[in-house]
Amino acid sequence: MTDTDTDTDTDTDTDTEITAELVRGLLQEQHPDLAGLAIREVAGGWGNQMWRLGDELAVRMQRMDPTPDLQLKERRWLPVLAPRLPLPVPTPVRFGEPSERFPKHWTVMTWVPGEPLDHGSISRGAHAADVLADFLRALHVEAPAEAPVATDRGAHPRNCTDGFEAFFQAVVPDDIAAGVRAVWDDAVAAHAWEGPPLWVHGDLHPANVVVSDGTLSGVVDFGDMFAGDPAWDLAAAWVLLPAGMASRFFDVYAHADEAAIRRARGLAAMKSLFLMLMGQNGDRGLPGGKPKWGPAGRAALDRVLKGV
């Protein structure tokens with residue numbers, strides 16, 4: 001889900017084939033001192049495609065995203081946020097501008113080592129819960145007035161019922177439908193966030209965190225970051241962490257009241273259903289589908305139903 005403004009790019013731009021030769025040519029044109037580094041494709045990615053550049057950098061190429069807004073947002077704000085975050089995050093180091101060779105934006109960023117969680121696992125659950133809580137405590141501070149606001153996420157669950165219903169009708173298993181509905185209804189009934197808008201990652205799911213040595217070791221893809229309700233990130237207690245770790249996470253995070261936890265649990269249910277739908281699309285061979293996300297989403301949904 002992205003913004004739909006298309007004043008910068010045309011639909012035909014998505015037909016540009018992104019290859020190692022293209023990446024190297026762009027570097028030679030705009031950042032020739034980096035053009036000699038090894039270039040390796042990174043599997044995955046939809047809105048953007050990633051290429052490793054040497055050992056410490058990566059090139060993020062705008063692909064299916066209809067506008068450069070998400071990349072430009074990362075360029076503007078990640079250098080501000082990264083220094084105070086306790087986990088590695090990708091930080092822009094060079095900017096690539098649209099050209100005749102490639103009519104979209106691209107950015108050279110620091111590489112965050114580790115394996116994406118949708119291809120790995122967490123075996124040190126308590127450690128990962130502590131790490132995630134510490135990371136979100138550091139991230140969730142009051143955002144400045146000029147911080148981005150959410151476009152397709154960030155709202156109270158009561159304003160997300162259409163999305164929830166679509167996912168629910170598409171993939172919820174019959175045997176747990178009543179339980180999932182009850183969790184969502186409880187989130188809808190919870191009080192709204194009443195504090196100042198806080199910095200929120202906005203899209204914490206298994207493909208946007210990396211793991212090493214059985215625990216969380218980095219967070220990536222901040223294109224959806226916004227200032228607002230931290231419950232959108234607190235849902236990660238169920239979406240990312242192993243079973244039984246949500247309670248420990250919230251104890252360490254220490255800043256979530258009952259209403260925030262209720263909103264977060266409902267949002268976790270919605271996110272889990274979305275992962276299951278993406279998995280279903282992958283099984284059907286549909287564009288953007290992710291077969292591995294189906295089992296991850298179902299496991300997350302089971303954790304949601306068990307509560308905190």
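Using cut-offs of 30° and 60° for the angle between ring planes, the Tyr253 and Phe249 rings count as parallel. The aromatic rings of His31 and Trp106 stand perpendicular to each other, their planes meeting at an angle above 60°, with 30° marking the opposite boundary. Note on ring orientation: taking the six-membered ring where Trp is involved, the planes of His205 and Trp293 are tilted (angle from 30° to 60°). Classified by interplanar angle (parallel below 30°, tilted 30° to 60°, perpendicular above 60°), the ring pair Trp184/Phe164 is parallel.
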Could you go through the side-chain hydrogen bond (donor to acceptor under 3.5 Å, both in side chains) check for Asp233 and His140 one step at a time? CA-CA 9 Å; Asp233 283 351; His140 290 165; 2.9 Å; yes
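Closest heavy-atom contact between Ala177 and Val172: CA-CG2, 4.0 Å. Nearest heavy-atom pair, Lys271 versus Gly202, reported as atom, atom and distance to 0.1 Å: NZ-O, 3.8 Å. Taking each heavy atom of Trp51 and Ile39 in turn, the nearest pair found is CE3-CG2, 3.7 Å. The nearest pair of heavy atoms linking Pro113 to Val210 is O-CG2, 3.6 Å. When all heavy atoms of Trp238 and Ala246 are compared, the closest pair comes out as NE1-CB, 3.7 Å. Between Pro173 and Arg298, the shortest heavy-atom distance links the atoms CG-NH1, 3.3 Å.
Arg263 has a carboxylate O that lies under 4.0 Å from a charged side-chain N of Asp229, or vice versa, which qualifies the two as a salt bridge. Between Lys290 and Asp118 there is no salt bridge, since no side-chain N of the basic residue sits under 4.0 Å from a carboxylate O of the acidic one. Under the 4.0 Å criterion applied to side-chain N and carboxylate O atoms, Asp302 and Lys306 are not assigned as salt-bridge partners. The residues Arg181 and Glu165 are annotated as salt-bridged, a charged nitrogen and a carboxylate oxygen being separated by less than 4.0 angstrom.
Using a distance-only test at 3.5 Å, with no hydrogens or angles considered, no donor-acceptor pair links the side chain of Arg284 to the main chain of Gly279. His201 places no side-chain N or O within donor-acceptor distance of the main-chain N or O of Gly223, the cut-off being under 3.5 Å. Between the side chain of Thr110 and the backbone N or O of Thr91 there is at least one donor-acceptor pair closer than 3.5 Å. Remark: side-chain polar atoms of Asp224 are not paired, donor with acceptor, to backbone N or O of Asp203 under 3.5 angstrom. Using a distance-only test at 3.5 Å, with no hydrogens or angles considered, no donor-acceptor pair links the side chain of Arg94 to the main chain of Met109. Between the Glu74 side chain and the Phe222 main chain, a donor and an acceptor come within less than 3.5 Å of each other. A donor-acceptor pair under 3.5 Å is formed between the side chain of Trp232 and the backbone N or O of Ala155. One N or O on the side chain of Arg303 and one on the backbone of Leu241 form a donor-acceptor pair closer than 3.5 Å. Side-chain atoms of Arg248 do not come within 3.5 Å of backbone N or O of Gly125 as any donor-acceptor pair. Using a distance-only test at 3.5 Å, with no hydrogens or angles considered, a donor-acceptor pair links the side chain of Gln30 to the main chain of Glu97.
Using a 4.5 Å heavy-atom cutoff, the side chains of Arg76 and Val80 are in contact. A heavy-atom distance below 4.5 Å is not found between the side chains of Leu198 and Val141. Taking 4.5 Å as the limit, every side-chain heavy atom of Pro116 sits out of range of all side-chain heavy atoms of Pro206. Looking at Leu27 and Pro32, their side chains never come closer than 4.5 Å, going by heavy atoms from C-beta outward. Here the side chains of Leu136 and Pro230 are not in contact, with every heavy-atom distance at 4.5 Å or above. At a threshold of 4.5 Å between non-hydrogen side-chain atoms, the residues Thr107 and Val93 do not count as touching. Contact of the Leu240 side chain with the Val209 side chain is registered, since non-hydrogen atoms from C-beta on lie closer than 4.5 Å. Counting heavy atoms from C-beta outward, Pro68 and Lys104 have side chains that stay 4.5 Å or more apart.
Taking CZ from Arg40 and CE from Met50, the interatomic distance works out to 12.0 Å, rounded to the nearest 0.5 Å. Atom CD of Gln71 sits about 11.0 Å away from atom CG of Leu78, to the nearest 0.5 Å. Between the CD1 atom of Ile122 and the CG atom of Leu117 there is a distance of 5.0 Å, given to the nearest 0.5 Å. Going from atom CG of Leu216 over to atom CZ of Phe135 covers 9.5 Å, rounded to the nearest 0.5 Å.
No more than 12 heavy-atom neighbours from other residues, nucleotides or ligands sit within 6.0 angstrom of CG on Asp213. Within 6.0 Å of the CD atom in Glu56, the count of heavy atoms belonging to other residues, nucleotides or ligands does not exceed 12. The environment of CD in Glu258 is sparse: at most 12 heavy-atom neighbours from other residues, nucleotides or ligands sit within 6.0 Å.
In the hydrophobic clustering of this structure, Leu22 groups with Leu37; members are Ile, Leu, Val, Met, Phe, Trp, Tyr whose side-chain heavy atoms approach within less than 4.5 Å, directly or through other members. By the criterion of side-chain heavy atoms lying less than 4.5 angstrom apart, applied directly or through intervening Ile, Leu, Val, Met, Phe, Trp or Tyr residues, Val112 is not grouped with Leu85; the two fall into different hydrophobic clusters.
A cation-pi arrangement, defined by a distance under 6.0 Å to the six-membered ring centre and an angle within 45 degrees of its axis, is present between Arg75 and Phe95. A cation-pi arrangement is present between Arg52 and Trp111 under the rule of less than 6.0 angstrom and at most 45 degrees off the ring axis.
No option in Glu41, Gln62, Arg60 other than Glu41 meets the side chain to side chain donor-acceptor pair (under 3.5 Å) test with Gln49.
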